[in-house]
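Here's the structure we're looking at; comments come further down.
These values consider heavy atoms only, across backbone and side chains, with no hydrogens, waters or symmetry-generated copies.
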Amino acid sequence: MSTVTPYSSPDGAEEEAARLGYWLRELPTEPVPAERISPASTFRLVRVDAKTIWTRITGLLPDQGELRHAAARRSHPR
């Protein structure tokens, strides 16, 4: 099965991502202070589908109420 991507990068990174799938880091958890990372640190990735990735990305976007609140604050500065 081939994957069609909407763009092409010179190094072929999007083809590599499509071929290898999507991964999320479970360990270490955020935030990761530099002093907590060492060669002995536990590192775990889990494979996920594209829907999971996009759900998490869109979950970071502000919702309608947050946008309205920000717009109101901008039009009525203190």
Report task. Kindly check if the number of other-residue, nucleotide or ligand heavy atoms within 6.0 Å of CD (Q64) is above 12? Result ->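 Not buried by this count: 12 neighbours or fewer within 6.0 Å.
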In this structure, would V48 and W54 fall into the same cluster of hydrophobic residues linked by side-chain contacts under 4.5 Å?
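Per the 4.5 Å side-chain linkage, V48 and W54 are co-clustered.
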If you compare all heavy atoms of [X] against all heavy atoms of [Y], which two are closest, and at what distance to 0.1 Å?
| X | Y | answer |
| --- | --- | --- |
| R25 | F43 | CD-CE1, 3.6 Å |
| Y22 | I53 | CB-CG1, 3.8 Å |
| R36 | S41 | O-OG, 3.2 Å |

Nearest 0.5 Å, what's the [atom1]-[atom2] distance between [X] and [Y]?
| X | Y | atom1 | atom2 | result |
| --- | --- | --- | --- | --- |
| L45 | R47 | CG | CZ | 11.5 Å |
| T42 | I37 | OG1 | CD1 | 10.0 Å |
| L61 | L67 | CG | CG | 9.0 Å |

